[in-house]
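All of these numbers come straight from a predicted model, not from anything done at the bench. What's counted below: heavy atoms across the whole structure, side chains too, no hydrogens, waters or symmetry copies.
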2 protein chains.
Amino acid sequence: MLEVLRAADDHPTAAEVYERVRRSSPRIGSATVYRTLALLVSTGRALELNLGDGAAARYDANTRRHDHAVCDGCGRAVDIDHPVPDGMMAEIARRSGFAITGYDLQFRGLCPDCQANGSDPARAAGGTGPTVNTHAKGALHAEA
Amino acid sequence: MLEVLRAADDHPTAAEVYERVRRSSPRIGSATVYRTLALLVSTGRALELNLGDGAAARYDANTRRHDHAVCDGCGRAVDIDHPVPDGMMAEIARRSGFAITGYDLQFRGLCPDCQANGSDPARAAGGTGPTVNTHAKGALHAEA
DNA sequence: CCACTGGTTGAGAACGACTCTCAGTATCAC
DNA sequence: GTGATACTGAGAGTCGTTCTCAACCAGTGG
């Protein structure tokens, strides 16, 4: 199961992981996939991502701290490695009174493929992309 | 409905909005609440938030661009107004190739109340907080 | 070899959040 | 009043996820 996750360069949902694992172990059940995924996350061997489109959680075998850029066109998510400056964290902790332990940053926009395919492609570059319309929710926090 | 949202200084879920609206309009149905909420979001009069704990979406009548700090203890979310520097956006756009239209930033940690009530309070300060255990998912991306 | 124990599994039911469908109702112009 | 149109509430349906439970398995002791 970890192998499946490591082999995936996209960020598969639990359902996608289930489907891929089933190719090698056809008798596996979805409960086992969810259980194992939760175990991997709790032992720090995988990361669970909520990419804010209200759709299913996604999983990532890259456990280093990193953020994501999510395409409003095809739903694809790519890794971003560009930490928020410590000074900003400290400033926010000071202003809010919170003891900040971590953060979660996602950028929204159009991936290079969707930019090339027009400004509002109908998930042209997809493949494993979700089927929900992420535009309504994708507008969340966006200020073009 | 907008009034209910504006009167709320927390970030109510759709179910909480439904419950509050029902006090003044007892015959309203949940479908109408979801429809109206979606309308408010699409016309830019409210913001929909996915606070990454896998729970229900939350709504916010504060439509200015802002971020949130979410308490791992009680689930409370407070507004943060501290934009990511433009230079960082440009750098990420350049490196990823994305046309970035917006972003979504959440900090995780313990709110002042939960810090005062011990390091792992059983949602002591709650009230309208969600009932799910956000710790498993709260660990998402956190590096204490 | 067999019985027992404890952990893991798969199937399917259950759950919560959300969306869809559809009949009923209100509103409007005529 | 009549018909067209839009909106509403109730409830069923969908989707992602979790729970339940019987079946299975490995290990242990006899």
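- Taking the ring axis of B:Phe98 as reference, the NZ or CZ atom of A:Arg108 does not stay both within 45° of it and closer than 6.0 Å to the ring centre.
- Here the P atom of nucleotide C:dG16 and the CD atom of B:Glu16 are 15 Å apart, to the nearest Å.
- D:dT8 atom P lies 17 Å from atom CZ of B:Arg22, rounded to whole Å.
- Considering only side-chain atoms of A:Ala14, the nucleotide from C:dT9, C:dC20, D:dT17 that sits closest is D:dT17.
- D:dG16 atom C1' lies 16 Å from atom CG of A:Leu49, rounded to whole Å.
- Counting to the nearest Å, the C1' atom of D:dC7 and the CG atom of B:Leu39 are 12 Å from each other.
- Residue-level contact check: A:Arg27 touches the backbone only, with heavy atoms under 4.0 Å from sugar-phosphate atoms and none from bases.
- Look at CD1 on A:Ile28: it is 8 Å from P on C:dT9, rounded to the nearest Å.
- When the side-chain nitrogen and oxygen atoms of B:Thr32 are compared with OP1 and OP2 of D:dG9, one or more of them lie within a distance under 4.0 Å.
- Phosphate proximity of D:dT17 to A:Tyr34: present, with a side-chain N or O under 4.0 Å from OP1 or OP2.
- Looking at which nucleotide of DNA chain D each of B:Gly29 and A:Arg35 is closest to, the 5′-most match is held by B:Gly29.
- The closest side-chain heavy-atom distance from A:Leu37 to A:Met1 is below 4.5 Å.
- Comparing atom distances between the B:Ala57 side chain and each of D:dT17, C:dC18, D:dT8 picks out C:dC18 as nearest.
- Whole-Å rounding puts the A:Arg58 CZ to D:dT17 P distance at 11 Å.
- Considering only heavy atoms from C-beta on, B:Glu19 stays 4.5 Å or farther from B:Val21 through its side chain.
- In the model, A:Asp67 has no side-chain atom that pairs as donor or acceptor with a side-chain atom of A:His82 under 3.5 Å.
- We find that OH of B:Tyr18 is positioned 15 Å from P of C:dT19, with the value rounded to whole Å.
- Listed nucleotides C:dA17, C:dG10, D:dG16 differ in distance to A:Ala56; the shortest reach to its side chain belongs to D:dG16.
- In this structure, a donor-acceptor pair under 3.5 Å is present between the side chains of A:Asp60 and A:His11.
- The distance between atom CG of A:Leu37 and atom C1' of C:dT8, rounded to the nearest whole Å, is 17 Å.
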